[in-house]
Amino acid sequence: MQESNKGFLYFICLVSAMGGLLFGYDWVVIGGAKPFYELYFSISESPLMQGVAMTTALVGCLVGAMMAGAAADKYGRKPLLMVSAVLFTVSAIATGLFNDFVLFNFARFVGGVGIGVASALSPMYIAEVSPANIRGRMVSLNQMTIVLGILSAQIVNMLLARDTMVAESQAWNIAWGWRWMFWAETLPAALFLIMSFFIPESPVYLKLKAAPHPDGKKTEAGLRELFAHKYAKVLLLGLVIAVFQQWCGTNVIFNYAQEIFVGAGFNVDGMFINIVITGIANVLFTIVALYTIEKWGRRTLILIGAGGLGLIYITLGTCYFMGMTGMLMVGLVVAAISVYAMTLGPVTWTLLAEIFPHRVRGIAMATCTFALWVGCCTLTFSFPSMNAALGSSGTFWIYSGICICAFIFLYRNCPETKGKSLEELEKELVK
């Protein structure tokens, strides 16, 4: 590949991957804003309303993910990326602007729709424009930007939140601090929108639209076609990979870091420091994934992820059971984040973008992304109840069992896709 072409490829992949950056930021920023907007909206004593505020974006994710597939096949990948940029921009401004709790949640829902669209479209677009020999690395850029977005939100939250022990500072946090946490997303969202005008449409989509369907009626595939028998095996594989990325349990460390680190014996200050440590580990080991995904392969990495997390969670659960605290627990949590970041985090999106045939890729990617967000919702909702009923030890032992079962399934069913063109994979996986 010529240097000029390679440079343009990196440009369009990075632009598309900005959807991942905003996905990561929007997903995590609410955690830092939570203590302050709850006081502003007077819901700090209402678990129900707290739950509503935390989940409206997730509901939007489900809607956005399912809308993305059919719309991307009908209108193209580029317009949908632009739509997601608009949704992120509008949500970032509106969430911090509204003084009404209902409108606040509506703005969060709009941002969630943007996350759902971007999470389905960004990796698919990158896979469709990238050569086979570097496709895995290019798609992993999307995961790289997701974790950078997560870390950015963690840092912005930490920098904007003023000392809660000082009355004037706390008053600013409640009146304005949480608003600026959301408004900070406006700049990258607007930049994503502007830059998305300069990327081309996916060549796979253009080829798909140019090829007439045998029945002469339409070129867009629907759910009925996706659930046809010939796609059953590859669809099951995609659904398992998508849900497992969430049910492996690692994301509860981000969503419930306070409970996990307090349970490990840390105070509030130590908790915030450890949250940033996990964010840094997440970024560093995603960088490792950029270099290993083409060398070791997708199958090897996803098996390392499932097996490695299974072993770490057995150990972590045992340490909780024995009442251990301190840096050993932090080390195990960081180890889990690190294994996830170099395996299941990027490999999931790469495999989902690769394994489906051109004709159903849009609707298949949307369906699997929808399943992934269902997995995220159930994981998020179930952790507090599991943790209360079983304790941290029992909870992580359950996650370990899920990882071991997934390892067995993936060992038997997950193919190696590195170095193969999308056309070659279609012939191998759909017969």
Side-chain angles (χ1 to χ4, degrees), residues 12-13 15-20 22-23 26-27 56-91 106-129 139 142 189 192-213 217-228 231 235 238-239 242 349 352-374 376 422:
I12 62 177
C13 287
V15 171
S16 178
M18 285 188 70
L22 295 164
F23 160 13
D26 202 82
W27 184 33
T56 46
L58 290 177
V59 175
C61 290
L62 297 176
V63 174
M66 277 314 298
M67 289 172 51
D73 283 343
K74 186 172 184 178
Y75 301 110
R77 284 43 164 161
K78 176 179 176 176
L80 265 292
L81 288 172
M82 297 174 72
V83 167
S84 71
V86 171
L87 294 173
F88 280 125
T89 306
V90 171
S91 175
F106 178 75
R108 288 296 297 158
F109 174 82
V110 170
V113 175
I115 294 175
V117 173
S119 60
L121 265 292
S122 291
M124 181 172 68
Y125 176 88
I126 295 171
E128 291 182 344
V129 300
V139 176
N142 184 67
F192 178 34
L193 176 59
I194 293 169
M195 295 177 69
S196 64
F197 281 94
F198 298 96
I199 64 174
E201 181 54 85
S202 159
V204 171
Y205 170 76
L206 294 175
K207 182 179 179 181
L208 184 65
K209 293 296 289 184
H213 192 262
K217 294 181 179 179
K218 63 175 185 176
T219 58
E220 298 88 17
L223 283 173
R224 178 173 295 183
E225 182 172 347
L226 175 63
F227 282 91
Y231 298 127
L235 178 60
L239 291 171
W349 297 111
L352 292 180
E354 290 178 332
I355 61 177
F356 295 107
H358 293 332
R359 175 156 178 75
V360 297
R361 182 173 296 120
I363 191 67
M365 192 74 183
T367 301
C368 289
T369 305
F370 178 85
L372 184 145
W373 286 113
V374 170
C376 181
L422 296 177

* Any chance you could lay out the side chain to side chain contact (heavy atoms under 4.5 Å, CB included) test for Val63 and Phe109, step after step, and finish with the verdict? => CA-CA 9 Å; Val63 174; Phe109 174 82; 4.1 Å; yes
* Would you confirm whether Ser91, through its side chain, and Ala107, through its main-chain N or O, come within 3.5 Å as a donor-acceptor pair? => yes
* **Within 6.0 Å of CE in Met82, more than 12 heavy atoms from elsewhere** => yes
* Measure from the side-chain N and O atoms of Tyr125 to the backbone N and O of Glu201, and report whether any donor-acceptor pair falls under 3.5 Å. => no
* To do: Take Met67 and Phe370 through the side chain to side chain contact (heavy atoms under 4.5 Å, CB included) test and state the conclusion after the steps.
  => CA-CA 10 Å; Met67 289 172 51; Phe370 178 85; over 6 Å; no
* **Asn142 and Ile126: CA distance, side-chain angles, deciding distance, side chain to side chain contact (heavy atoms under 4.5 Å, CB included) verdict** => CA-CA 8 Å; Asn142 184 67; Ile126 295 171; 4.2 Å; yes
* Structure fact -> Interatomic distance, CZ@Arg77 vs CZ@Arg361, rounded to 0.5 Å, equals 7.5 Å
* Give the C-alpha distance, both sets of side-chain angles, the deciding distance and a yes or no for salt bridge (Lys or Arg N to Asp or Glu O under 4.0 Å) between Asp26 and Arg108. => CA-CA 9 Å; Asp26 202 82; Arg108 288 296 297 158; 3.2 Å; yes
* **Heavy-atom donor-acceptor pair, Ser122 side chain to Ala17 backbone, under 3.5 Å** => no
* To the nearest 0.5 Å, how far apart are OG in Ser202 and NZ in Lys209? -> 12.5 Å
* Asked: Quick check: does any side chain N or O of Ser84 sit under 3.5 Å from a backbone N or O of Leu81, one acting as donor and the other as acceptor?
  -> yes
* **Donor-acceptor under 3.5 Å (Thr367 side chain, Ile363 main chain)** => yes
* Between Lys78 and Phe198, is there a donor-acceptor pair closer than 3.5 Å when you use the side chain of the first and the backbone of the second? -> no
* Please confirm whether the backbone N or O of Gly116 pairs with a side-chain atom of Ser119, one donor and one acceptor, at under 3.5 Å? => yes
